[in-house]
Amino acid sequence: MRKLCPNLDNEDGLETVLEVPIPEEMFTLMGSSATLRWHNLRTFMKNQSHGKYSTSHLPSGSNSEFMALLKLVGSPLIPLQLHCDCALTRPIKDCSIEASTAKYIVQQYVAAIGGLAALNAVNSMCAVGQVKMVGSEMHKADDNSVQTTTKVNSEVGGFVLWQKNPDLWYLELVVSGYKVSAGSDGAVAWNQSGSQPSHANKGPPRPLRRFFQGLDPRSTANLFLDAVCTGEKNINKEECFILKLETPADILRSQSTSQTEIVHHTIWGYFSQRTGLLVQFEDTKLVKMKAARGDDHVFWETTMETSVGDYRYVDGINIAHGGKTSALLFRYGHAYNQKRRIEETWEIDEVDFNICGLSMECFLPPSDLKRDDGEQ
């Protein structure tokens with residue numbers, strides 16, 4: 001991945017460090033010659049909010065629609081707020097068989113990932129990775145042939161992710177010349193894209209879904225400690241236990257707005273019976289868009305499945321370094337009956353723990369942050 005941009009005005013000058021390293025493939029698409037690519041890269045660094053040198057092929061009707069799809073797949077949140085539990089245990093007294101089984105599976109996962117001592121030695125993290133995205137057009141929902149476009153038209157990009165705890169994190173994602181930023185300062189989670197103003201997510205701060213793709217084992221264990229085991233399933237020729245979490249109704253209400261109602265948000269984790277590791281993370285969210293008049297509501301259902309693999313040890317912790325996320329969007333109601341699929345293949349190039357100098361200032365929201373209640 002490209003991490004530096006040369007000083008084109010002064011050959012002896014220092015190179016500029018890119019805020020978000022970009023894959024070689026994305027750099028190649030920036031021009032027909034090396035000189036033109038460097039010039040375009042420098043201009044892109046100065047004008048990222050405008051997407052001037054974008055190369056988007058993902059089916060979308062406008063730049064804003066593309067940004068919405070990019071945020072949907074690249075920076076979604078999970079519905080539940082997590083609190084650091086160093087012990088990673090829950091009492092099993094008065095638990096159902098399904099709940100106590102889930103707690104036992106989580107303990108096996110903690111052991112497989114490196115053990116409690118290794119996890120508790122981590123106080124911060126930085127990860128650098130690259131992504132490729134492909135997508136389909138909108139199709140009728142009864143069309144079973146919804147396939148993504150060929151890899152020739154894939155979107156290419158990179159990301160940098162910083163984290164201090166589940167409520168303190170910051171993401172920068174650049175794909176085909178478009179940039180999305182998202183973060184949480186412990187009080188509010190927010191996102192920002194292009195020239196649009198930054199927006200605060202409704203409800204308390206929540207973790208980024210990407211953490212649960214094998215990047216943050218401690219948060220993953222904390223999340224599934226409150227799950228129930230619902231059975232077994234074969235995932236990619238691996239026999240797995242299924243752990244399931246339902247988001248409580250009061251949390252769904254706190255994240256709904258005057259125009260939208262979150263009907264349900266369910267999470268599943270699939271843990272290998274052989275290795276104890278997480279091999280797939282899945283969630284389904286149903287949102288009702290309230291009609292201005294009458295009962296002509298429109299529903300959006302989003303199902304995201306992430307296969308997790310290529311585990312490698314980093315400072316004694318088993319971290320997933322690759323996988324694939326498939327998102328299926330289904331819109332129905334009020335004469336709508338459509339669906340589309342978007343897929344993201346991701347790789348982790350670097351992971352570092354216990355980052356020196358990572359202070360609270362690194363997670364401050366943008367100054368133009370807009371909240372749903374109109375406050376700034």
Side-chain angles (χ1 to χ4, degrees), residues 58-81 133-149 180 182 189-191 193 196 199-204 206-210 212 227 230 242 244-269 280-306 325-344 370-373:
L58 196 68
S60 58
S62 64
N63 286 351
S64 50
E65 182 181 348
F66 174 79
M67 295 301 294
L69 295 174
L70 184 57
K71 286 194 290 186
L72 173 74
V73 179
S75 60
L77 307 181
I78 68 162
L80 300 167
Q81 188 177 23
M133 294 184 182
V134 292
S136 73
E137 301 278 1
M138 272 290 192
H139 292 262
K140 289 184 178 179
D142 54 3
D143 182 0
N144 294 322
S145 63
V146 176
Q147 300 292 331
T148 54
T149 56
V180 169
W190 54 270
N191 62 74
S193 58
Q196 301 173 355
H199 178 75
N201 295 96
K202 188 77 161 47
R206 287 164 280 150
L208 190 69
R209 187 186 188 276
R210 199 173 288 274
F212 301 89
T230 60
I242 307 171
K244 179 181 178 182
L245 272 170
E246 289 284 2
T247 306
D250 60 327
I251 294 179
L252 295 177
R253 283 193 298 271
S254 72
Q255 297 169 12
S256 299
T257 68
S258 57
Q259 287 80 37
T260 63
E261 177 189 346
I262 304 176
V263 180
H264 70 76
H265 199 158
T266 308
I267 297 173
W268 293 268
Q280 183 166 300
F281 185 83
E282 178 183 340
D283 71 304
T284 297
K285 180 180 181 180
L286 179 62
V287 178
K288 180 171 72 173
M289 311 297 292
K290 299 176 183 178
R293 298 179 213 158
D295 298 322
D296 293 329
H297 304 299
V298 175
F299 293 86
W300 282 92
E301 185 174 46
T302 307
T303 299
M304 299 183 70
E305 295 181 1
T306 300
T325 297
S326 177
L328 182 63
L329 283 69
F330 184 19
R331 177 172 61 174
Y332 60 92
H334 189 47
Y336 290 108
N337 192 25
Q338 301 168 313
K339 63 182 178 181
R340 75 186 303 171
R341 185 182 298 276
I342 304 170
E343 293 181 351
E344 176 198 80
K370 288 184 174 294
R371 302 175 184 271
D372 288 320
D373 56 10

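This one's a predicted model, so the numbers in the text were calculated from it and none came from an experiment.
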Please list, chain by chain and in numerical order, all residues satisfying side chain to side chain donor-acceptor pair (under 3.5 Å) with K71, sequence neighbours excluded.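 Checked K71 against side chain to side chain donor-acceptor pair (under 3.5 Å); matches are N191.
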
On a heavy-atom basis, which atom in [X] and which in [Y] lie closest, and how many Å separate them?
X    : Y    : answer
T306 : T325 : OG1-OG1, 2.8 Å
V73  : A327 : CG2-CB, 4.1 Å
Q81  : P204 : OE1-CB, 3.6 Å

Main chain of [Y], side chain of [X]: is a donor-acceptor contact present, judged purely on distance under 3.5 Å?
X    : Y    : answer
T247 : H265 : yes
Q255 : P79  : yes
R209 : M304 : yes
K339 : R331 : no
S256 : I262 : yes

Could you check I342 against L69 for side chain to side chain contact (heavy atoms under 4.5 Å, CB included), going step by step and ending with a plain yes or no? CA-CA 8 Å; I342 304 170; L69 295 174; 3.5 Å; yes

Note, [X] side chain near [Y] side chain (heavy atom, < 4.5 Å):
X    : Y    : result
I78  : F212 : yes
K285 : E301 : no
L245 : W268 : no
L329 : L72  : yes

Step by step, would you call T266 with E246 a side chain to side chain donor-acceptor pair (under 3.5 Å)? CA-CA 5 Å; T266 308; E246 289 284 2; 2.8 Å; yes

Show the numbers, then the answer: is there a side chain to side chain contact (heavy atoms under 4.5 Å, CB included) between H297 and K288? CA-CA 7 Å; H297 304 299; K288 180 171 72 173; 3.8 Å; yes

Salt bridge or not between R210 and E344? Use side-chain N to carboxylate O under 4.0 Å.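 Judged by the 4.0 Å cut-off on N to carboxylate O distance, R210 and E344 do form a salt bridge.
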
Using 0.5 Å steps for rounding, measure from the OG1 atom of T230 to the CD1 atom of I242.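 Here the interatomic distance stands at 4.5 Å.
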
Point-to-point distance, once rounded to the nearest 0.5 Å, from NE2 of H264 to CG of L286: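 One finds 4.5 Å between NE2 of H264 and CG of L286.
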
With sequence neighbours left out, what residues match Y332 under ring-ring contact (aromatic ring centres under 6.0 Å, His included)?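 ring-ring contact (aromatic ring centres under 6.0 Å, His included) check on Y332 returns F299, F330.
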
